[in-house]
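These notes concern the structure reproduced below.
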Amino acid sequence: MLRDVSDRKRVERMKSEFVSTVSHELRTPLTSIRGSLSLIASGIFGELQPRGQNLVGIALSSTERLVRLINDLLDVEKLESGKLDFHIKAVDLGSLTEQSVDANRGYAQQYDVNLEYLNDSGDVRIQGDPDRLTQVLANLISNAVKFSPWRNRHHCPWPSCRPGTGECTRPG
């Protein structure tokens with residue numbers, strides 16, 4: 001049995017073009033908003049009251065999250081088309097995790113969740129794409145925040161790993 005897949009391919013192409021266009025159209029103003037909020041947060045226009053600083057920090061964090069979501073959408077399109085590039089190199093996983101926790105603190109504040117990064121394993125290096133690993137960690141941490149009880153402390157524990165063995169144990 002033969003099927004004409006031309007309609008399906010046309011719809012897939014239209015979907016891909018739509019996602020790409022919308023993503024790019026959203027990213028441009030968000031980049032401008034993020035830049036403006038960064039300038040305000042830096043104090044270049046004068047110091048803000050603590051409440052104002054907090055609100056600008058939350059707005060900046062939310063804007064950065066939207067930019068990441070748009071980038072995720074574009075990456076899904078690249079992945080589906082086989083055009084997603086991976087740049088594998090040695091990565092300090094502890095440092096990457098700490099950066100991801102720090103990047104999600106503003107988001108966590110909106111849910112009244114306190115993030116703590118705990119690393120007692122020392123330096124753990126892996127081979128991976130730092131940008132993709134950061135995406136994964138950001139998604140995991142933001143989901144942990146979103147589904148945590150309000151006014152909760154969420155620990156981001158680090159597994160214990162034996163260098164050179166590939167053996168890791170989950171924290172108790």
Side-chain angles (χ1 to χ4, degrees), residues 18-80 84-126 128-159 170-171:
F18 174 77
V19 168
S20 181
T21 300
V22 168
S23 296
H24 287 293
E25 291 298 321
L26 287 174
R27 192 171 12 179
T28 301
L30 278 174
T31 300
S32 176
I33 293 168
R34 182 175 59 179
S36 298
L37 288 170
S38 291
L39 287 173
I40 294 168
S42 75
I44 198 167
F45 300 114
E47 287 300 312
L48 296 173
Q49 297 294 322
R51 177 81 176 128
Q53 184 70 33
N54 185 48
L55 289 173
V56 168
I58 290 170
L60 181 58
S61 176
S62 295
T63 302
E64 289 170 346
R65 181 166 168 71
L66 283 173
V67 169
R68 285 192 305 271
L69 286 172
I70 290 167
N71 290 336
D72 287 351
L73 274 174
L74 291 172
D75 286 347
V76 167
E77 287 300 312
K78 288 179 188 174
L79 186 62
E80 287 177 350
L84 185 62
D85 293 327
F86 292 95
H87 303 284
I88 308 299
K89 63 182 187 179
V91 178
D92 177 356
L93 199 51
S95 176
L96 203 63
T97 303
E98 187 172 16
Q99 291 169 13
S100 295
V101 169
D102 289 343
N104 277 281
R105 285 193 202 286
Y107 179 70
Q109 285 178 342
Q110 296 173 54
Y111 290 89
D112 207 11
V113 172
N114 181 35
L115 292 177
E116 287 184 35
Y117 171 66
L118 307 173
N119 178 4
D120 57 0
S121 295
D123 186 36
V124 176
R125 300 190 71 74
I126 64 167
D129 182 323
D131 292 335
R132 302 295 161 237
L133 289 169
T134 299
Q135 260 181 318
V136 170
L137 288 169
N139 287 335
L140 289 171
I141 293 167
S142 65
N143 282 340
V145 166
K146 190 185 323 180
F147 297 107
S148 288
W150 282 64
R151 298 180 187 261
N152 195 13
R153 176 174 301 209
H154 189 78
H155 297 280
C156 297
W158 195 245
R170 289 179 50 197

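All residue numbers in this chain count up from 1 along the given sequence.
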From the options Leu133, Leu140, Asn139, select the one residue that forms a side-chain contact (heavy atoms from CB on, under 4.5 Å) with Val136.
-> Leu140

Is there side-chain contact between Leu66 and Glu64, with at least one heavy-atom pair below 4.5 Å?
-> no

Would a 4.5 Å heavy-atom cut-off, applied to side chains only, mark Ile58 and Ser62 as touching?
-> yes

Is a side-chain N or O of Tyr117 found less than 3.5 angstrom from the main chain of Gly94, in a donor-acceptor match?
-> yes

Residues in side chain to side chain contact (heavy atoms under 4.5 Å, CB included) contact with Leu37, at least two apart in sequence or another chain | Ile33, Val56, Ala59, Leu60, Thr63

What's the verdict on side-chain contact (heavy atoms from CB on, under 4.5 Å) for Val101 and Gln99, showing C-alpha distance, side-chain angles and the deciding distance?
-> CA-CA 5 Å; Val101 169; Gln99 291 169 13; over 6 Å; no

Check for a donor-acceptor pair, side chain of Ser142 on one end and backbone N or O of Ala138 on the other, with a separation under 3.5 Å.
-> yes

Does Asn104 reach the main-chain N or O of Ser100 with its side chain, forming a donor-acceptor pair under 3.5 Å?
-> yes

When you check the gap from the basic side-chain N to the acidic O, do Arg132 and Asp75 get nearer than 4.0 Å?
-> yes

Between atom CG of Leu73 and atom NZ of Lys78, what is the distance when rounded to the nearest 0.5 Å?
-> 12.0 Å

Can you tell if the side chain of Arg34 reaches within under 4.5 Å of the side chain of Val67, non-hydrogen atoms only?
-> yes

What one should report as the nearest heavy-atom pair of Pro130 and Lys89 is CG-CE, 3.4 Å

To the nearest 0.5 Å, how far apart are CG in Leu96 and CD1 in Ile126?
-> 7.5 Å

Is the side chain of Arg68 donor-acceptor paired with the backbone N or O of Gln135 at a distance under 3.5 Å, no angle test?
-> no

Separation of Ile44 CD1 from Ser38 OG (nearest 0.5 Å) = 11.0 Å

Straight-line distance of Leu26 CG to Leu74 CG, nearest 0.5 Å = 10.0 Å

Non-hydrogen side-chain atoms of Asp92 and Val124 separated by less than 4.5 Å | no

Looking only at heavy atoms, what is the nearest atom pair of Phe86 and Asp129, with distance?
-> CA-OD2, 3.2 Å

Rounded to the nearest 0.5 Å, the CG atom of Asn54 sits from the CD atom of Gln49 at a distance of 13.0 Å

Mind checking the CG-CZ spacing from Asp102 to Arg105? Nearest 0.5 Å is all I need.
-> 4.5 Å

Using a cut-off of 6.0 Å, state whether more than 12 heavy atoms not belonging to Glu25 lie near its atom CD.
-> no

